[in-house]
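The next block holds one structure in the form of structure tokens; read it before the comments.
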Amino acid sequence: MSLQVEIVAPDRIVWSGDASQLSARTVEGEIGILPGHEPMLAVLGNGDVLVDPVGGSRETVTVDGGFMSVDNDKVTLVAERVDAAGLGA
């Protein structure tokens, strides 16, 4: 099983693909998402989003606010501002 992840900035899709897990900082603290996670909607805090792609190396994206939706192994993060300098590192 895997997650379908999409990280979106106001002007572009920053990262999209299948992942084994994802972690992010919400306004209530850190959260980890694995396949089979219960549906949820969370407000993102400022910080790093860590994505472990299926068959790849960990990707890091820094976000400033936004929200995250999880439903049926689909994770969508919509961020107000995104620094994708950590992608492909």
Side-chain angles (χ1 to χ4, degrees):
M1 283 179 63
S2 65
L3 300 168
Q4 287 182 295
V5 177
E6 192 168 77
I7 301 173
V8 180
D11 58 343
R12 70 193 189 284
I13 295 175
V14 176
W15 194 89
S16 180
D18 292 334
S20 58
Q21 66 179 357
L22 173 141
S23 65
R25 178 173 293 154
T26 72
V27 295
E28 296 181 2
E30 294 285 329
I31 188 165
I33 307 296
L34 295 169
H37 196 284
E38 289 292 315
M40 63 164 276
L41 184 61
V43 177
L44 294 172
N46 298 342
D48 289 342
V49 175
L50 306 175
V51 181
D52 290 339
V54 172
S57 299
R58 176 170 281 177
E59 302 283 0
T60 302
V61 177
T62 303
V63 300
D64 292 337
F67 71 90
M68 175 173 58
S69 163
V70 179
D71 192 25
N72 293 322
D73 291 333
K74 180 170 174 62
V75 181
T76 304
L77 280 87
V78 179
E80 294 172 15
R81 287 189 296 166
V82 176
D83 177 2
L87 288 178

For [X] and [Y], which heavy atoms make the closest approach, and how far apart are they?
X: A79; Y: P10; answer: O-CD, 3.3 Å
X: F67; Y: L41; answer: CD1-CD1, 3.6 Å
X: V5; Y: W15; answer: CB-CZ3, 3.7 Å
X: R58; Y: P53; answer: CA-CD, 4.1 Å

List, one per line, each side-chain donor-acceptor pair under 3.5 Å for residues 18-33, sequence neighbours excluded.
from: S20; atom 1: OG; to: D52; atom 2: O; distance (Å): 3.2
from: Q21; atom 1: NE2; to: D52; atom 2: OD2; distance (Å): 2.6
from: R25; atom 1: NE; to: E30; atom 2: OE2; distance (Å): 3.0
from: R25; atom 1: NH1; to: N46; atom 2: O; distance (Å): 3.2
from: R25; atom 1: NH2; to: E30; atom 2: OE2; distance (Å): 3.3
from: T26; atom 1: OG1; to: E28; atom 2: N; distance (Å): 3.1
from: T26; atom 1: OG1; to: G29; atom 2: N; distance (Å): 3.2
from: T26; atom 1: OG1; to: G29; atom 2: O; distance (Å): 2.8

Looking at residues at least two apart in the chain, or sitting in another chain, which of them share a salt bridge (Lys or Arg N to Asp or Glu O under 4.0 Å) with D71? none
Can you name the side chain to side chain donor-acceptor pair (under 3.5 Å) partners of T62, sequence neighbours left out? D48
Could you walk me through whether V61 and V82 satisfy the side-chain contact (heavy atoms from CB on, under 4.5 Å) test, starting with their C-alpha distance in whole Å, then the side-chain angles of each, then the deciding distance to 0.1 Å, before giving a yes or no? CA-CA 7 Å; V61 177; V82 176; 3.2 Å; yes
CE-CD1 distance between M68 and I7, expressed to the nearest 0.5 angstrom: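 It comes to 10.5 Å.
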For N72, does the CG atom sit with more than 12 other heavy atoms under 6.0 Å from it, leaving out its own atoms? no
Do V49 and V54 share a hydrophobic cluster (ILVMFWY, side-chain heavy atoms under 4.5 Å, transitive)?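 Different hydrophobic clusters.
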